[in-house]
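Pasting in a structure now, in structure tokens, and then I'll have a few things to ask.
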There are 2 protein chains.
Amino acid sequence: MIFSHTYKSMTKTDRPLRRADKLRQALEDDIATGALPIGTRLDEVKLAQRFGVSRTPIREALIELATAGLVEQKPRRGAFVREIGIPRLIEMFEVMADLEATCGRLAARRISLAETQILKASHIACEDALTSGDPDRYYQANQHFHETIYQASHNGFLAEQAIGLHSRLAPYRRLQLRARNRVAVSLHEHAEIVAAIVSGQAEAAADCLRQHVLIQGERFNDFVATLAATSTQQERERSSLKSASAAE
Amino acid sequence: MIFSHTYKSMTKTDRPLRRADKLRQALEDDIATGALPIGTRLDEVKLAQRFGVSRTPIREALIELATAGLVEQKPRRGAFVREIGIPRLIEMFEVMADLEATCGRLAARRISLAETQILKASHIACEDALTSGDPDRYYQANQHFHETIYQASHNGFLAEQAIGLHSRLAPYRRLQLRARNRVAVSLHEHAEIVAAIVSGQAEAAADCLRQHVLIQGERFNDFVATLAATSTQQERERSSLKSASAAE
DNA sequence: TCAATCATTTTTGTATACAAGAATGATTTT
DNA sequence: AAAATCATTCTTGTATACAAAAATGATTGA
């Protein structure tokens with residue numbers, strides 16, 4: 001992975017001599033993986049016991065997570081893994097699509113020769129991952145592909161934003177089926193994106209990427225739509241979260 | 001002002017029973033206004049004395065500011081008002097331009113009749129503010145104009161991102177001259193933007209807004225360019241920060 | 001039996017105490 | 001006299017103690 005997945009760690013010189021930072025990362029991972037399901041109350045003393053520290057660094061980590069938007073702090077009532085409603089998720093996908101589009105537009109204009117090679121290689125890696133049949137491997141390869149584009153935009157701030165939002169959407173993207181031929185279509189879109197970028201067609205690259213991401217959002221939308229009005233809705237979301245492969 | 005200027009306060013029910021939150025806001029304001037100049041070390045005990053609290057809420061506020069990107073925490077060495085380098089500022093303006101463009105594109109498609117009225121009114125308010133000759137008033141009116149567009153995008157998450165970045169760029173936008181006819185040109189651009197949005201021309205609105213913001217960035221760029229290779233560079237930035245009127 | 005009120009307990013928010021790394025300054029050595 | 005090393009002081013990072021608000025549960029009243 002080229003970038004780490006937090007805003008700060010990209011901009012700061014990495015010497016994490018603060019326990020709170022490690023704790024934040026640990027909690028972040030637990031939230032992303034679903035180990036701490038959405039809506040979970042994050043009890044300070046229990047977390048402190050679990051990690052073998054006092055409440056102080058736990059609180060500091062929770063504040064960081066709250067500021068980053070991953071948890072919600074209700075005054076005097078504690079911190080909860082943030083419940084992101086469907087409407088808000090759609091909004092976030094919309095912004096993600098736009099960030100990706102911008103990355104693509106800039107990348108088409110600014111990508112270096114070396115980065116072009118990396119981009120092509122990461123595309124091929126996606127194809128290989130698909131034929132290997134390993135969902136996790138495809139997920140990784142796909143992420144690398146997108147991060148390559150972020151980097152090729154030569155706008156570090158933009159890349160940070162894109163990575164940050166991407167990681168926030170990660171748990172929800174995993175819900176995202178299943179739809180068996182999606183991966184193949186996705187790969188075809190990747191090919192178009194690569195072609196647009198390497199040939200310097202900025203707007204084409206932007207449009208391809210926007211559609212590529214928006215379709216995910218729409219698919220996600222379809223997915224939750226089929227779930228609506230189901231009594232055990234939450235249960236099904238949970239189990240899907242664990243078993244579903246990464247289709248992007 | 002429609003929105004408050006923090007990410008969190010838009011999404012949370014506002015009952016700020018945490019001192020740390022008030023402190024964060026106070027420090028945020030001090031940073032934005034330049035009362036705490038860039039690079040200043042934020043001594044925890046001194047801040048605690050100044051605000052009449054213990055170090056604990058101060059620390060929590062500083063962590064929030066660090067996560068939001070306004071201050072930089074060097075481990076074991078304290079927090080500093082973040083020095084944002086020129087290259088990074090340009091990157092941030094580039095992203096800002098894109099966020100605004102997206103707001104405009106969506107607003108053109110989704111704006112309600114009532115919001116159309118508000119948008120027109122806020123445009124007129126900008127004109128009035130200009131003729132009044134009061135820079136602060138124009139600054140406010142201009143901000144309201146842009147926030148109206150954010151809101152009209154009907155994407156709350158996008159609006160939050162736009163507001164957040166806007167406020168982070170605020171202190172640097174103030175540096176931004178001076179160039180005497182800029183305001184008049186800016187108003188003309190506003191008119192074009194309004195026209196594009198109310199007539200539903202999504203791409204036109206996006207392009208206008210992108211240019212509108214990018215030009216600020218370029219102006220900013222010009223400004224710092226004239227400053228380059230000057231021995232008392234920092235000094236001049238400081239004084240300009242205080243005296244310069246708001247031209248956007 | 002159900003609801004409302006009050007006491008108890010739990011948990012967050014803040015203050016203080018302590019530990020450890022960094023900055024500062026003096027002393028010593030070359 | 002200059003530089004390096006060591007002791008002191010200062011500041012951050014963490015733990016603990018305390019205050020106050022909210023959750024919980026029991027008791028009382030209708």
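Values in this document were obtained by computation on a predicted structure and should not be read as measured data. In the text below, chain A, chain B and the rest are named by the order of the sequence lines, each starting its count at 1.
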- side chain to side chain contact (heavy atoms under 4.5 Å, CB included) with B:Arg110: which residues, sequence neighbours excluded?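 Applying side chain to side chain contact (heavy atoms under 4.5 Å, CB included) to B:Arg110 gives A:Glu94, B:Leu106, B:His154, B:Asn155.
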
- Message: Can a side-chain donor-acceptor contact be found between A:Tyr150 and A:Glu100 if the only test is distance below 3.5 angstrom?
- Response: yes

- Query: Going by atom types only, do A:Gln151 and A:Thr148 share a side-chain donor-acceptor pair under 3.5 Å?
  - Reply: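 No - no donor-acceptor pair under 3.5 Å links their side chains.
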
- Atom-pair distance (CD on A:Gln49; C1' on D:dA15), nearest Å: 14 Å

- Considering only NZ, NE, NH1 and NH2 on the basic side and carboxylate oxygens on the acidic side, decide whether B:Arg18 and B:Glu64 come within less than 4.0 Å.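 Looking at B:Glu64 together with B:Arg18, the answer is no, because their closest N to O distance does not fall below 4.0 Å.
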
- Using atom CD1 of B:Ile58 as one end and atom C1' of D:dG13 as the other, report the distance to the nearest whole Å.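 Nearest whole value for this atom pair: 16 Å.
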
- Could you list the residues that satisfy salt bridge (Lys or Arg N to Asp or Glu O under 4.0 Å) with B:Arg41, not counting sequence neighbours? B:Asp43

- Query: Do A:Phe157 and B:Leu165 touch side chain to side chain, with heavy atoms closer than 4.5 Å?
  - Reply: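 They are in contact (side-chain heavy atoms under 4.5 Å apart), so the answer is yes.
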
- Once you round it to whole Å, what is the distance between C1' of D:dT14 and CD of B:Gln73?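 That distance rounds to 15 Å.
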
- Query: Between C:dT14 atom P and B:Ile63 atom CD1, what is the distance in whole Å?
  - Reply: 13 Å

- Task: Would you tell me if any nitrogen or oxygen in the side chain of B:Thr56 comes within less than 4.0 Å of OP1 or OP2 on C:dT14?
- Result: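 Answer is no, no contact under 4.0 Å.
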
Check the interface with nucleotides 6-12 of chain C: list each N/O to N/O pair with the protein under 3.5 Å, or write none.
from, atom 1, to, atom 2, distance (Å)
C:dT12, OP1, A:Arg41, NH1, 3.0
C:dT12, O2, A:Arg76, NH1, 3.2

- Mind calculating the distance between CD (B:Glu60) and C1' (C:dT16) to the nearest angstrom?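 Computing the B:Glu60:CD to C:dT16:C1' distance gives 15 Å.
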
- Message: In this structure, how many angstroms lie between the P atom of C:dT14 and the CG atom of A:Leu62, rounded?
- Response: 14 Å

